[in-house]
Amino acid sequence: MFLYNLTGDEAWEKIFAEESMIKSPKSMLFSKGRQGFFGIGVTNQFDKSDVPFCQHWAAAAYLTCPHPRHYSELYQNLKACVNAQAEAYNYGHVANRPSRRAANDSRWQTSQNLQLVMLAHYIGDKARRQQLEHIMYTEAGWAMGRNPGNIVEMTGLGERHITDVYTTGRNDGTPESHPGQTPFNGTETWSPGHNGGDARILLNQMYPSWTDGGWPRQESYFNQRYFWVNGEFTPRETMRGKMALLAYLYAIR
């Protein structure tokens with residue numbers, strides 16, 4: 001779809017329309033499928049409903065298209081789907097959460113994937129835009145220190161920023177790791193018994209216990225630089241949503 005935006009060649013718009021998952025006002029822009037959003041093991045899935053998909057960026061391209069749109073029904077369905085899934089997946093949870101967070105990623109504690117909310121804000125009327133702008137600023141504020149750990153969930157920013165992360169920058173002659181990076185604070189077991197891939201080695205040291213002690217999930221950050229299962233920085237899992245959110249808020253300021 002971005003190629004249509006760039007060239008104006010309707011052949012690219014036709015391909016987008018044919019491959020779009022939006023078939024009705026109740027379709028979805030993304031689905032985690034059977035085995036998770038990141039597609040783990042989907043190569044052996046033969047039922048299409050089991051395979052995850054994501055068309056956020058194609059949707060963004062069509063909603064912001066500078067050329068005539070030739071698929072009016074698809075366009076209207078797309079807007080309806082954006083509004084419905086943004087509410088169901090993101091901002092519809094805000095009022096029920098003490099954190100008032102709209103992000104809804106079960107595995108990555110620090111990801112802030114509000115792409116659907118940004119799209120809903122873009123196409124919304126004045127009242128809806130004001131509502132969603134507040135929700136986005138509230139979510140952004142969580143990572144900037146409005147959280148149980150009272151920390152900035154990013155290296156190099158402010159007095160309370162995260163310091164030890166499994167990432168780069170410690171051998172370049174400048175103190176600390178490279179700035180602007182966020183770990184995903186995982187508590188999973190990727191490689192049992194291996195120091196870097198088994199979060200239980202960290203969790204077993206906690207009192208009260210991590211499982212039954214009532215710890216806020218946000219406090220799964222451990223100030224260490226060696227366990228990738230907990231402290232790894234990855235653009236896809238911890239930064240793409242945050243970068244999009246902060247850039248969008250900056251653009252509409």
Side-chain angles (χ1 to χ4, degrees), residues 30-45 50-52 54 89-90 93 96-114 139 142-157 160-171 175-243:
F30 84 96
S31 170
K32 293 185 178 182
R34 178 180 178 184
Q35 293 181 309
F37 182 74
F38 298 109
I40 300 172
V42 298
T43 54
N44 62 357
Q45 301 302 316
D50 291 337
V51 180
C54 180
Y89 188 72
N90 290 122
H93 299 282
N96 298 322
R97 291 173 172 170
S99 68
R100 297 296 183 259
R101 292 192 68 184
N104 202 32
D105 303 294
S106 58
R107 294 187 69 195
W108 316 124
Q109 309 295 336
T110 57
S111 61
Q112 297 182 295
N113 289 306
L114 262 60
E139 175 65 36
W142 176 270
M144 296 299 179
R146 187 190 62 81
N147 54 63
N150 196 32
I151 57 176
V152 176
E153 294 181 333
M154 191 185 302
T155 56
L157 180 64
R160 304 193 307 276
H161 67 267
I162 283 177
T163 54
D164 285 322
V165 180
Y166 186 84
T167 188
T168 58
R170 296 191 175 278
N171 298 312
E176 298 189 6
S177 57
H178 288 144
Q181 302 188 16
T182 297
F184 49 63
N185 296 359
T187 57
E188 302 174 352
T189 299
W190 292 351
S191 49
H194 192 288
N195 287 351
D198 193 341
R200 294 175 299 181
I201 296 172
L202 298 170
L203 301 180
N204 289 343
Q205 308 304 313
M206 301 190 68
Y207 179 83
S209 74
W210 175 256
T211 304
D212 305 315
W215 288 90
R217 307 310 290 181
Q218 189 269 344
E219 293 200 21
S220 60
Y221 167 68
F222 291 85
N223 193 39
Q224 52 78 33
R225 67 185 75 168
Y226 305 108
F227 284 72
W228 56 82
V229 68
N230 177 258
E232 185 177 16
F233 153 79
T234 62
R236 179 184 61 146
E237 293 157 346
T238 66
M239 291 303 296
R240 63 176 175 174
K242 178 175 294 184
M243 288 188 291

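In this text the structure is predicted, and so the values were computed from the model without any measurement. Computed from heavy atoms alone, side chains included, the values below leave out hydrogens, waters and symmetry copies.
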- Message: If you apply the rule side-chain hydrogen bond (donor to acceptor under 3.5 Å, both in side chains), what do you find for Gln224 with Asp164, and how did you get there?
- Response: CA-CA 5 Å; Gln224 52 78 33; Asp164 285 322; over 6 Å; no

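- Across Phe233, Phe222, Trp228, a single residue satisfies ring pair (Phe, Tyr, Trp, His ring centres under 6.0 Å) together with Tyr166, and that is Trp228.
- Separation of atoms CE (Met154) and OG1 (Thr110) is listed at 10.0 Å; rounding is to 0.5 Å.
- Remark: Arg240 CZ to Thr234 OG1 distance equals 9.0 Å, nearest 0.5 Å.
- In terms of heavy atoms, Gly193 sits closest to Asp198 at N-OD2, 2.8 Å.
- Nearest heavy atoms, Pro216 versus Trp210: O-CH2, 3.8 Å.
- Ring orientation note: the planes of Phe30 and Tyr89 are nearly perpendicular, at an angle over 60° on the 30°/60° scale.
- Closest of all the heavy-atom pairs between Pro148 and Glu219 is O-OE2, 3.6 Å.
- Closest heavy-atom contact between Thr238 and Glu232: CG2-O, 4.5 Å.
- Here the side chains of Pro208 and Trp215 are in contact, with some heavy-atom distance below 4.5 Å.
- Counting only N and O atoms by type, the side chains of His161 and Glu153 include no donor and acceptor under 3.5 Å apart.
- Arg100 has its side chain out of reach of Trp142: every pair of non-hydrogen atoms, C-beta onward, lies at least 4.5 Å apart.
- For the atom pair OG1 (Thr211) and CE (Met206), the distance works out to 9.5 Å, reported to the nearest 0.5 Å.
- Side-chain contact check for Thr182 versus Met239: some heavy-atom pair is nearer than 4.5 Å.
- Between the CZ atom in Arg146 and the CD1 atom in Ile151 there is a gap of 13.5 Å [rounded to 0.5 Å].
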- Message: Checking Asn223 against Thr163 for the side-chain hydrogen bond (donor to acceptor under 3.5 Å, both in side chains) test, could you report, in this order, the C-alpha distance in whole Å, the side-chain angles of both residues, the deciding distance, and whether it holds?
- Response: CA-CA 7 Å; Asn223 193 39; Thr163 54; 3.0 Å; yes

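- Ser177 places a side-chain heavy atom less than 4.5 Å from the side chain of Thr155.
- Less than 6.0 angstrom separates the ring centroid of Phe184 from the ring centroid of Trp190.
- Rounding to the nearest 0.5 angstrom, the gap separating the CD atom in Glu237 from the CG atom in Asp105 is 10.5 Å.
- Asn90 contributes atom CG, which lies 8.5 Å from atom CG of Asn113 (distance to the nearest 0.5 angstrom).
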- Show your working on side chain to side chain contact (heavy atoms under 4.5 Å, CB included) between Met144 and Leu157 and close with a plain yes or no. CA-CA 9 Å; Met144 296 299 179; Leu157 180 64; 3.7 Å; yes

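- The two residues Gly186 and Ala199 make their nearest non-hydrogen contact at O-CB, 4.1 Å.
- Side-chain contact between Arg101 and Gln112 is present, with heavy atoms from C-beta onward closer than 4.5 Å.
- Side chains of Val165 and Gln181 form no contact here, defined as non-hydrogen atoms less than 4.5 Å apart.
- Not a single ring pair (Phe, Tyr, Trp, His ring centres under 6.0 Å) links Tyr221 to another residue, sequence neighbours left out.
- Remark: side-chain polar atoms of Ser209 are paired, donor with acceptor, to backbone N or O of Asp212 under 3.5 angstrom.
- Between Arg97 and Asn104 there is a side-chain heavy-atom pair separated by less than 4.5 Å.
- Between Ile162 and Val152 the shortest side-chain heavy-atom distance does not fall below 4.5 Å.
- A distance-only check finds a donor-acceptor pair linking the side chain of Arg160 to the backbone of Asn150 [under 3.5 Å].
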